[in-house]
Amino acid sequence: MSRAELLSPEGLRIDGRRPAELRKITSTTCVLSQADGSAYLEHGNTKVLAAVYGPREARHRALVLHDRAILNVELNVAPFSTGERRRRSKNDKRLLEMASFVKQTFEPVVIATLYPRSQIDIYLQVIQHDGGTLQACINATTMALIDAGIAMTDYVCACTAGWVEREAAIDLNYIEESSDTSEVTIAMLPKSSKITLTQMESRLHVDKLEEVFRLAGEGCKQMYEVMDKTIRDRAEDLARKMAV
Amino acid sequence: MRGHGTYIENEKVVSSVAGVVDRVNKLISVRPLHTRYTGEIGDVVVGRITEVAQKRWKVDVSARQDAILMLSSINLPGGVQRRKQESDELQMRSFFMEGDLVVAEVQAFFGDGAYSLHTRSLKYGKLRNGSFISVPPALVQRCKSHFHSLACGVDVILGLNGYIWVSAHVPQNLDEIDTELVYSNKNKEDITPRDRESIARVGNCIRALADEFIFINDTIISFAYEASLQYKLKDMNKKEIMHAIATEATTAVDNMKG
Amino acid sequence: MPSLISPAERDYILKGIDCNIRADGRQRPDYREVILETGVISQTSGSARIRLAGGTDVLVSVKADIGPVLVDPETGEGADKGQIICNVECAPSASQQFEGRGADELNNELTQMMTRFLSHNTTSLSTSSTSSTPASNSNGAGGINLIPKTEVQDLGDGNFDFEVLDDAEDTEVVEGREDMPICVTLNKIGARHIVDASPLEELCTEAKLVVAVNRSGELCGLQKGQDGGIEPSLLLEMIQFGKTLGQTLIKQLDAKIKAEADADMIKRQNGQPVVKLGFFAQ
């Protein structure tokens, strides 16, 4: 994959987007009838399903905290989610690391002191993988937690950003990710603009850092709009139905 | 002043959940629409025993933690006022075993928010002769009584925690209840196929209402039951039919109110 | 969903099944409503999503890969036949029991079973040495009762582009899909058997029988599960019943798939976009 193809002379990316443009995002909540809260999110072709169970009785007595809830995240990637079929074991280090990122991101945001001695389980399922899995997981988890009625101080919106050829770009897809571009994932609380997660894996020149971060912040704000709209629509729908 | 579902930041009251705003005088709270059961003292709940422990049972009531039913809070067979003996502690499984369904009332809260239940009235206790349905807790409203006897010969117990018990009608004369049989596991002998059909029908009506997120009380269940009589029992599992029944029931309730 | 059941409920369900009125009003051979949709995952050769009205959700996908093929050294057979590798996963988002390692046993059991059932069916493709790989993920409520080897898997090399539909090289439907078997799971409760058990009925099941049958009524596989026993006479009855039911199901599935394909074709001809609902379907 020659690098020249990632950004056309007119400034369009491989899939025709402008650098500061997000992919098409569709989302919906309450997809699983068994879970207390659930959400399904699509960033273009990356599809993630999040299910939240809880707060509920903690299963392992030893881990119970007397004054707050414990957060438990499990991440599962379907074998058919990437281009080639790949079977990943549950203990794959990469998956465990991603799961722990999600957990760290939400621990300061969920008001766990309201639910002592209980457990909140978050199960993530990646159905299709086309770049930006961590950001999709975080966004889906936010929506699922809200759907479950769990108190949080703010939404958590995540966005990837990187330096593609000559420009900073957001929401990188699989091709952009796997070529030599640097990529950073940022999770942000939109109201206060505080960042709760930063994760970067490749090299990025310090001069370009500020631009990339700024663009990522913009991307997060855009995500927030989309997610908020879905949640509000759903809540209004429910409120209307229940006001019989 | 702020109530549940909110928190204070920079001297402003901010909502922490997605839901409906309740304003009572100066108390602002936000009620999430889709949440686990949060109860009040005096609530009637249906629960399933999950564990038998020292002098108490743990009961799953679809809340944030399992509720506790103490040995001292149940009626012991052989007379309502019988004193607790040591042998009772050793025989706890002869009263309630894991998996049993009970209807009980919330007596108090423990410090960490778990509920303490009691079954100290003869209308509470072990459930028999029917089947169990689970709906979102938000759909069951508080009303005077949660024990309903429908016209079709079916008894319904609407637990405020969303657990519902639909059973065959057992004529109960509270004075003559034989306290020995209160903890038996045997269903009554003569549940006819007619009864079973009615129970199944009522169960499906409740499920249809729950799917459409409509409030559940005895009036709307009766309307839904009548609306469902035109359909065959086994068709009642289909989405369009469930939707039709739910809509008819809601219209009937609106007509009644209007 | 409860993993416990009270003796009173168990007795009620048992007697109900005995007189052919199940707890939700169905009769013993009745299935719940099935919603089926194909082509929900764009990166695979073929995929499908099946939902049962009670809340069981299964996602299936097929990928065609190039890979080595087992060739019988003596007769040289098999060089022109394909191979099917299966993988079943129960996602923890499906049920509490599946978190952590809880689902491993169930995964293994289902994977082995599906591999056995499908491997007899050699899909002979015109290009040699290809292996098709179905993998399914299930978000299930209270157990997977119907494991359809849905024909949608057989949209093997699916039709991506309308214009090249006639181009036999680019896209072709996997041959031999007519022989794909369908599985029917029967639960033995008391002295009777039922299909499509609800979660509570599953808890009362003494033994399970999975019968795989194909379009022509041939038995492709049999598997008994759980620790109860089945009397031989009841066993024969269940197999027979499973076979008839399986054939009916195949016909219904065929009809549904054809209807969907027809509807898609009409939409394409009218220039309307074919939008797959996927998880957005209610």
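The shown structure was predicted, so the numbers you read here are calculated from the model rather than taken from an experiment. Note: hydrogens, waters and symmetry copies are ignored here, and every other heavy atom, side chains too, is used. Chain identifiers are assigned alphabetically (A, B, ...) following the order of the sequence lines, protein sequences preceding nucleic acid strands; residue numbering begins at 1 within each chain.
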B:N204 versus C:D24, closest heavy-atom pair with distance:
ND2-O, 2.8 Å
Counting only non-hydrogen atoms closer than 4.5 Å, does C:R10 touch chain B with its backbone (N, CA, C, O), its side chain (CB onward), both, or neither?
neither
What closest approach, in Å, do B:L101 and C:S6 show between heavy atoms, and which atom pair accounts for it?
N-CB, 3.9 Å
B:S131 and C:Y12: which non-hydrogen atoms are nearest, and at how many Å?
CB-CE2, 4.0 Å
Which value, rounded to the nearest 0.5 Å, describes the distance between B:N129 atom CG and C:K15 atom NZ?
9.5 Å
Heavy-atom distances under 4.5 Å only: say whether B:D60 touches chain C with side chain, backbone, both or neither.
neither
Find the one option among B:S62, B:A200, B:G99 whose heavy-atom pairs under 4.5 Å with chain C are most numerous.
B:G99
The interface call for B:I49 against chain C, heavy-atom contacts under 4.5 Å, is backbone
To the nearest 0.5 Å, what is the distance between CG on B:D100 and CD on C:E9?
9.0 Å
Measure the spacing between CD1 of C:I21 and CZ of B:R194 and express it to the nearest 0.5 Å.
10.0 Å
Just checking C:R192: does its CZ atom have more than 12 heavy atoms from other residues, nucleotides or ligands closer to it than 6.0 angstrom?
yes
I need the minimum non-hydrogen distance between C:L200 and B:R48, along with the two atoms involved.
CD2-NH2, 4.2 Å
What part of B:R196 lies closer than 4.5 angstrom to a heavy atom of chain C: side chain, backbone, both or neither?
both
